[in-house]
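Read the numbers this way: they start at 1 and go in the same order the structure lists the ligands and their atoms. All figures in this text were calculated on a predicted structure; none of them were measured in a lab.
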Amino acid sequence: MSARAWRIAVLHGVNLDQLGRRDPLLYGTLTLAQLQQRIERRAGELGMSATFFQTNHEGELIERLHGLRDGDADAIVLNPGAWGHYAWAIRDALEIAGLPSVEVHLSDVSAREPWRRVSVIGELCFASVSGRGPDGYDEALALLREHLDAGGAA
Ligand code: DQA
């Protein structure tokens, strides 16, 4: 265990506030609040801390990403929702944030409509986890822990 408590910014994009009301076969039954509690617990078990942000407004996510440049966090877990498939400005803001990042999707985006196979942020993320439901966030945290402990850059 590293002495350092890595600070992870967990960012959720558009429509993820609707978890619990969306198709449970794709997205499971947890609400966003329940999912975040789970992520917070897992982060703690890994000796990390997590902060959370969700918005349905693209510019707000962009500004949050800009803010992370100022040293608020060591790494990012980003589920951009549908923005991840077309919102190039979010890709650029993630690049500006300049932090090690993991892309997460609850559902398996590779097995759905063809347009969901596009990821505008994939090239900036050192790992992408898709189709593992809430466990995907556990995996993202574990990957980040390893990456940060090894001195990994963005
Ligand atoms: C999602 C997948 C996206 O394609 C979709 O638009 C979402 C959620 C996921 O977590 O599986 O809103 O990011």
* How many angstroms lie between CG in Leu148 and CZ in Arg7, if you round to the nearest 0.5 Å? -> 10.5 Å
* Asked: Is the shortest heavy-atom distance from the side chain of Leu141 to the side chain of Ile8 under 4.5 Å?
  -> yes
* To do: For the residue pair His85 and Trp115, categorise the inter-ring angle as parallel (less than 30°), tilted (30 to 60°) or perpendicular (more than 60°).
  => perpendicular
* Side-chain contact test, heavy atoms from C-beta onward, threshold under 4.5 Å: evaluate it for Leu68 versus Leu11 and give yes or no. => yes
* For Asn56 and Asn15, test the side chains for any donor-to-acceptor distance below 3.5 angstrom and give the result as yes or no. => no
* Test ring-ring contact (aromatic ring centres under 6.0 Å, His included) applied to His12 and Tyr137, step by step -> CA-CA 12 Å; His12 287 109; Tyr137 288 89; 5.5 Å; yes
Could you list, one pair per line, each nitrogen or oxygen of ligand 1 together with any protein nitrogen or oxygen closer than 3.5 Å, giving atom names and the distance rounded to 0.1 Å?
{"residue": "ligand 1", "atom": "4 (O)", "partner": "His85", "partner atom": "NE2", "Å": "2.7"}
{"residue": "ligand 1", "atom": "4 (O)", "partner": "Arg116", "partner atom": "NH1", "Å": "2.7"}
{"residue": "ligand 1", "atom": "6 (O)", "partner": "Ala82", "partner atom": "N", "Å": "3.2"}
{"residue": "ligand 1", "atom": "6 (O)", "partner": "Arg116", "partner atom": "NH1", "Å": "3.0"}
{"residue": "ligand 1", "atom": "10 (O)", "partner": "Asn79", "partner atom": "ND2", "Å": "2.8"}
{"residue": "ligand 1", "atom": "10 (O)", "partner": "Leu106", "partner atom": "N", "Å": "2.8"}
{"residue": "ligand 1", "atom": "11 (O)", "partner": "Leu106", "partner atom": "N", "Å": "3.2"}
{"residue": "ligand 1", "atom": "11 (O)", "partner": "Ser107", "partner atom": "N", "Å": "2.8"}
{"residue": "ligand 1", "atom": "11 (O)", "partner": "Ser107", "partner atom": "OG", "Å": "2.6"}
{"residue": "ligand 1", "atom": "12 (O)", "partner": "Arg22", "partner atom": "NH1", "Å": "3.0"}
{"residue": "ligand 1", "atom": "12 (O)", "partner": "Arg22", "partner atom": "NH2", "Å": "3.1"}
{"residue": "ligand 1", "atom": "13 (O)", "partner": "Asn79", "partner atom": "OD1", "Å": "2.8"}
{"residue": "ligand 1", "atom": "13 (O)", "partner": "His105", "partner atom": "ND1", "Å": "2.7"}

